[in-house]
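Below: the structure, in structure tokens.
All values below were derived from every heavy atom in this structure, side-chain atoms included, with hydrogens, water molecules and symmetry-related copies excluded. Model, not experiment: these values are computed from the prediction.
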Amino acid sequence: MTHVTEIAAHEFWQEIYPPGTFPDDREFTSFYVATLEDGRQLRLPIRVLADGDRALASLIVNQASFAVLDSLAESLAEKIRPMRIDVIAGLPTLGLTLAAAVAQKLGHRRYIPLGTSRKFWYREELSVPLSSITTPTQDKRLYVDPRMLPLLTGRRVALIDDVISSGASIVSGLSLLTACGIEPVVLGAAMLQSERWRDSLAAAGQQWAARVFGVFATPMLERNAAGRWQVSARPKT
């Protein structure tokens, strides 16, 4: 077994390792080891939250190697393939990278990128406020290009983001599509980050949690008495 303990910041998300490369640790220091369903492993940096006592494992797919992105997209595509998806809609910004790759894996010719940049032909009623855990202080709106609506209306749509964490971004996407008369059949992500998204989705509708598909999941972490990180036993907040 190879056990590498150190990794430079720019080396994260560049390789998926064979099963058993890293031990099944209960404590973590500089990185968290996520395990995919087939046993392969991915090292993720640990990001400390504002309270200093809790942290999350981080994934930024547009900084991942092509090999890692390809593997995550393939895994998500296979998970949602039985749902007979007609079109993929992607959430900005990082979700667009994954959404495009998943659409290609499903054999689609294109995908529909939602956006935060308002083009002059966009309509304000086809937008909703947008926030995320990585950009909580930015005042943004999420738009759909009105020209793209015929590609979404009456189709089996998958709404994809890179990570589902607090649930704020995916709920914004749902709100926008619902306002357009579109109800996604799948909500997809590479990583399901903690369990906090469940309450947000439940508030949007009891049906949504059952439509969530992720390649892998990571827990909320908390600092222990030794200063290391372990899976949090506290209720989600």
Solution key, residues 100-109 side-chain donor-acceptor pairs under 3.5 Å, sequence neighbours excluded:
residue, atom, partner, partner atom, Å
Lys105, NZ, Asp70, OD1, 2.5
Lys105, NZ, Asp70, OD2, 3.4
His108, NE2, Ile85, O, 3.2

Quiz: residues 207-217 side-chain donor-acceptor pairs under 3.5 angstrom, not counting sequence neighbours:
residue, atom, partner, partner atom, Å
Arg211, NH1, Glu183, OE2, 3.0
Arg211, NH1, Pro184, O, 2.7
Arg211, NH2, Glu183, OE2, 2.9

What side-chain donor-acceptor pairs closer than 3.5 Å can you find for residues 148-160, not counting sequence neighbours?
residue, atom, partner, partner atom, Å
Thr153, OG1, Leu149, O, 2.9
Arg155, NH1, Leu151, O, 3.3
Arg156, NE, Met83, O, 2.9
Arg156, NE, Arg84, O, 3.4
Arg156, NH2, Met83, O, 2.9

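You'll find the side chain of Ile46 stays beyond 4.5 Å of the side chain of Ser30, heavy atoms only. For the pair Pro92 and Lys140, the minimum side-chain heavy-atom distance is 4.5 Å or more.
Taking CD from Glu15 and OG1 from Thr21, the interatomic distance works out to 8.0 Å, rounded to the nearest 0.5 Å. The CG atom of Leu114 sits 11.5 Å away from atom OG of Ser169, with the distance rounded to the nearest 0.5 Å.
Residues that satisfy the ring pair (Phe, Tyr, Trp, His ring centres under 6.0 Å) test with Tyr111, not counting sequence neighbours, are absent from this structure. Thr178 is linked by a side chain to side chain contact (heavy atoms under 4.5 Å, CB included) to nothing, counting only residues two or more places apart in sequence or in another chain. Residues forming a side chain to side chain contact (heavy atoms under 4.5 Å, CB included) with Arg47 (at least two apart in sequence, or on another chain): Trp13, Pro45, Ser58. Here Arg141 pairs with Glu124, Ser127, Pro129, Tyr143 under the side chain to side chain contact (heavy atoms under 4.5 Å, CB included) rule; sequence neighbours left out. Not a single salt bridge (charged side-chain N to carboxylate O under 4.0 Å, His left out) links Arg110 to another residue, sequence neighbours left out. Qualifying side chain to side chain contact (heavy atoms under 4.5 Å, CB included) partners for Arg147, counting only residues two or more places apart in sequence or in other chains: Trp121, Asp145. Considering only residues two or more places apart in sequence or on other chains, Tyr17 meets the ring pair (Phe, Tyr, Trp, His ring centres under 6.0 Å) condition with Phe22. Residues passing the salt bridge (charged side-chain N to carboxylate O under 4.0 Å, His left out) test with Arg81, sequence neighbours excluded: Glu78.
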>> Apply side-chain contact (heavy atoms from CB on, under 4.5 Å) to residues Gln230 and Glu222 and explain how you reach the verdict.
In response: CA-CA 6 Å; Gln230 63 186 29; Glu222 64 182 5; 3.7 Å; yes
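Judged by distance alone, the side chain of Gln63 and the main-chain N or O of Gln14 form no donor-acceptor pair under 3.5 Å. Between the side chain of Ser232 and the main chain of Met220, no donor-acceptor pair closer than 3.5 Å is present. Between the side chain of Ser175 and the backbone N or O of Val171 there is at least one donor-acceptor pair closer than 3.5 Å.
Residues Ile60 and Met191 are members of one and the same hydrophobic cluster, defined by side-chain heavy-atom contacts under 4.5 angstrom among Ile, Leu, Val, Met, Phe, Trp and Tyr.
Closest heavy-atom contact between Asp162 and Ala189: O-CB, 3.7 Å.
Sorted by first and then second residue, the ring pair (Phe, Tyr, Trp, His ring centres under 6.0 Å) pairs involving residues 49-71 (not counting sequence neighbours) form an empty list.
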